[in-house]
Amino acid sequence: MAATASTSAGASSSSRTLEPNHEPGTGSSAEAWRPLSRDGGGEEDVLDLDSPWAAVAEAGSRLEEATAAGVGLRAEEAGQDEIRDNLQRQEDELMALEAIYGDDLIEFESKAGLRYFQIYIRYDLQDGPEVCAKFSSDNEHARDGCCLDDSTEQHEDEPDNFSYSCSFEHLPPLVLTCVFPQSYPSKDPPHFVVTAKWMDGPDVSRLCEMLDTIWAELPGQEVVYPWVEWIRSSSLPHLGFDRTITLGPDVPTHKGDNRAISRSLSLESVIPSMLSYSSTKCYQVFLEDLHMCMICLNQTNGSNFIRLPCEHFFCVKCMETLCKMHVKEGTLFQLICPDTKCTAFIPPYLLKRLLGEEEFERWDRLTLEKALDSMSDVVHCPRCAIGCLEDEDNNAQCPKCCFVFCSLCKDSRHPGKQCLTLEEKIRQRQAAGKMSAREMVEELMSIKELYNDARSCPKCRMTISKTEGCNKVVCISCGQAFCFLCGKAIIAGYAHFSRNCDLFAEKEKDTMDWRKRLEQLETGNRMRVQSQPVGSTVKCPKCRQKIYMGDDKYIFCWVCQATYCTMCRKQVQFTGMQSEHWGSPQCVGIKF
């Protein structure tokens, strides 16, 4: 709310001034009051939330009419001393009201020496009141319930009427607009207008009558504070609204007290506006209050928090750290509410706010990749990793490199033939002379060891490796838990291991046959080397010419002009005067 403004009678000099602004269609006597910034700049938005409920122009117009008519104005009957005393008491009262209500008090620029001001009165509600809106049967929109939220309930107490109830955490303010005559407070009360644009006309008129009663009980005293406190604490019970606030049905314009400004629109328009006000007010209160983050346990204002759609909230720093960590590690399935009992995902619009530009692009790319991986008919090209659609024969063609491949084994398309296993592929390479027997055995042993420590996730098919721990593993890609022994998915708990598999069973070793074969190859190499001692004649591994063996490690062919290893029969390149090939990991003849 805007702060109070100075008047010609002498209010606080640090307050801002509010000047009239004529609205079209209101007439020359109807004045709206526009708050200006302290330095005379443009308009501020501090009143945006409450301004639709204030009716400033209409209240000012009615007060001008009452003042011009001289209703209750008996300044001419009072002496100058009494008028001077009244003005001093008015100034003191306004200063006290400003100290009590702060920004909820709006004082307008004085006109003809009379003080104009408004007080926004907000109800202190213990529990959210229930508002019951009654619609008449001739209202077409009432049957649709277009103004209701999910919490509304329909009542059919009367056959010709329709009633709906909904709860509010905050009600729109009731606005009291006053002008002090020169005879206040010694003889006359303030001229006032009560604005409650969400109440029905008869109810607002009853409030005006009650304010007259309070003045009659306190003649000659400052009465604005008792008025405001009675409206704040007792007006709803006085109207029978202590438990349920009943509005409607819509009736023709109520001709009641001229000082009452009540609901002029239909309930179909008022109820959504009240719901919007309550929601926005809740957000304002959240931003201003102190809250504790349940991650770092620090307490700060709500403006430093992120509220998730599940209504849980955590500080911005913790949420930024959490989101960036999961995006960096690729664990997108863990981008959920940090509350231990909540599994709601963090929406993309919040991720864009919490992540940097690079992190958000990575999240977007990983999300797309995981979405493609989850599609059963999408495979990736083994050459350029582009997503491709496979046909019913498990074949696919890359749109980028035009490579046609089998989606099962990722080899070239082989219609009518079974896919080769890794072992069969390695055997084919060895048979074609592309690798030695020892290389084949070592490659097969490496594959066996690798797949002995790896399993495919039953949900997303990503290969998961386990180096230690129990046999219940969780996929880092999709978050699916499964058994590492049998590969079955685990919904929750450890009941699977009590019936079928062992939780801490040792890994099966199925490479013993290949180790025995490797030992046989090493033994054969040793025997072959021993059968060809230094000084004997051997054949060149390349040209098959007989050459003299002058070294137990290397032989030199004068025809090929090349040196070969006596163990693995491979050509050796010397660096300087010697080579470190013999007996090294590069020599596949024997392994020390």
Side-chain angles (χ1 to χ4, degrees), residues 382-384 401 403-406 409-414 417-454 463 465 507-592:
R383 292 184 176 179
C384 54
C401 64
F403 176 53
V404 181
F405 60 96
C406 172
C409 63
K410 301 299 187 296
D411 284 338
S412 299
R413 180 173 176 266
H414 47 82
K417 296 182 180 180
Q418 294 291 332
C419 296
L420 297 178
T421 63
L422 287 176
E423 184 175 342
E424 291 173 342
K425 292 179 182 180
I426 294 174
R427 288 182 181 275
Q428 280 190 353
R429 293 184 61 189
Q430 193 272 337
K434 296 182 178 180
M435 64 169 53
S436 64
R438 181 180 178 84
E439 290 176 328
M440 178 193 70
V441 173
E442 289 186 341
E443 186 73 16
L444 289 174
M445 288 184 61
S446 299
I447 294 174
K448 291 292 184 181
E449 287 290 344
L450 176 64
Y451 280 88
N452 191 40
D453 293 333
T463 302
S465 177
K507 297 179 293 184
E508 298 180 1
K509 300 294 184 181
D510 54 356
T511 58
M512 296 304 298
D513 294 340
W514 293 105
R515 292 185 183 275
K516 291 180 181 179
R517 186 167 181 178
L518 181 60
E519 291 176 358
Q520 293 175 0
L521 287 175
E522 293 176 351
T523 303
N525 286 337
R526 291 193 185 96
M527 294 177 63
R528 177 172 52 80
V529 172
Q530 292 174 2
S531 64
Q532 298 175 347
V534 177
S536 62
T537 302
V538 296
K539 290 184 179 181
C540 173
K542 183 177 181 182
C543 65
R544 310 305 295 172
Q545 291 291 329
K546 290 185 178 182
I547 55 177
Y548 176 74
M549 185 173 178
D551 192 350
D552 59 345
K553 296 182 179 179
Y554 304 105
I555 55 177
F556 178 77
C557 178
W558 294 95
V559 178
C560 302
Q561 291 294 308
T563 302
Y564 298 94
C565 175
T566 59
M567 295 294 293
C568 62
R569 303 290 175 163
K570 284 188 175 183
Q571 185 176 350
V572 180
Q573 298 291 337
F574 278 82
T575 57
M577 297 299 295
Q578 60 182 352
S579 173
E580 298 178 355
H581 169 80
W582 198 87
S584 67
Q586 288 78 22
C587 179
V588 296
I590 187 170
K591 188 174 182 181
F592 289 92

Enquirer: With a 4.5 Å limit on heavy-atom distance, are the side chains of F403 and P382 in contact?
Expert: yes
Enquirer: Looking at every heavy atom in both I555 and P541, which two are closest together, and how far apart are they?
Expert: CD1-CD, 4.3 Å
Enquirer: So how far is it from K539 NZ to C557 SG, rounded to the nearest 0.5 Å?
Expert: 13.0 Å
Enquirer: Do you know which two heavy atoms are closest between F556 and T563, and how far apart they sit?
Expert: CD1-OG1, 3.4 Å
Enquirer: Are Q545 and W558 close enough, and set up right, to give a side chain to side chain contact (heavy atoms under 4.5 Å, CB included), and what steps lead you there?
Expert: CA-CA 9 Å; Q545 291 291 329; W558 294 95; over 6 Å; no
Enquirer: Provide the closest heavy-atom pair for K542 versus Y564 in the form atom of the first, atom of the second, distance.
Expert: CB-OH, 3.4 Å
